[in-house]
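Here's the structure we're looking at; comments come further down.
Everything quoted here is computed from the prediction, not taken from an experiment.
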Amino acid sequence: LLPEKNILDWIKGSLDGVFVEGIVIFEGGTPPGINSAWVKLGEDDKSPYEDTRVNQTNKPEIRYYRLRYKKDNKPVGVYSDIKKVVSEIY
C-alpha cells in the first residue's frame, strides 16, 4: 500500500497469470461475498498487480480484491482469498 497505488503480490508458478477483480465498499457497507457483483479490474502476467485508480471521493475507501489464475486466457482453479485494503489514492 503506497500513497499512489495499492500493490497485490502473487506467485505465478506454472500458470500464465491472474485475473484481478475488485469491489469498493463505502463506510457502513457490507463486505462482499463470493456471489457479490465483482468488477474485473484487469489481468496481470507478472507480479505484482498495481491498482492506481483514484478514490471515487475525497475520503478513504475500502477496496476488496480477489485473484484467479489463468491458463491460455481461461480461468483456472478457485478464487483467492478476499483481501481488504483501505485505499487513500487522491
With sequence neighbours left out, write down each residue that passes side-chain hydrogen bond (donor to acceptor under 3.5 Å, both in side chains) with Glu50, or none if nothing qualifies.
-> Lys5

So, for Val86 and Pro60, which heavy atoms are closest and what is the spacing to 0.1 Å?
-> CG1-CB, 4.0 Å

Co-membership, hydrophobic cluster, residues Leu41 and Ile89, 4.5 Å side-chain | no

Answer yes if Ile23 and Ile82 sit in the same cluster of Ile, Leu, Val, Met, Phe, Trp and Tyr residues linked by side chain heavy atoms under 4.5 Å apart, and no otherwise.
-> yes

Answer yes if Val20 and Val85 sit in the same cluster of Ile, Leu, Val, Met, Phe, Trp and Tyr residues linked by side chain heavy atoms under 4.5 Å apart, and no otherwise.
-> yes

Which atoms form the tightest heavy-atom contact between Trp10 and Gly17, and what is the distance?
-> CH2-CA, 3.6 Å

Between Ile11 and Ser47, is any pair of side-chain heavy atoms under 4.5 Å apart?
-> no

Could you tell me which non-hydrogen atom of Tyr90 sits nearest to which non-hydrogen atom of Lys59, and how far apart they are?
-> OH-C, 3.2 Å

Sole residue of Lys70, Lys71, Lys12 in salt bridge (Lys or Arg N to Asp or Glu O under 4.0 Å) with Asp45 | Lys70

Does Leu15 belong to the same Ile/Leu/Val/Met/Phe/Trp/Tyr cluster as Leu8, with side-chain heavy atoms less than 4.5 Å apart forming each link?
-> yes

Ser87 and Ile62: CA distance, side-chain angles, deciding distance, side chain to side chain contact (heavy atoms under 4.5 Å, CB included) verdict = CA-CA 6 Å; Ser87 182; Ile62 301 170; over 6 Å; no

Report yes or no: is the cationic atom of Arg68 (NZ for Lys, CZ for Arg) under 6.0 Å from the centre of the six-membered ring of Phe19, at an angle within 45° of the ring normal?
-> no

Is Arg66 close to Lys83 at the side-chain level, that is, under 4.5 Å between some pair of heavy atoms?
-> no

Take Tyr64 and Ile25, measure what side chain to side chain contact (heavy atoms under 4.5 Å, CB included) needs, and give me the verdict at the end.
-> CA-CA 8 Å; Tyr64 292 87; Ile25 303 293; 3.6 Å; yes

Under the side-chain hydrogen bond (donor to acceptor under 3.5 Å, both in side chains) rule, collect the residues that match up with Asp51, sequence neighbours excluded.
-> Arg53, Arg63, Tyr65

Neighbour count >12 (heavy atoms, 6.0 Å) for atom NZ, Lys84 = no

pair Tyr49-Glu43: side-chain heavy atoms closer than 4.5 Å = no

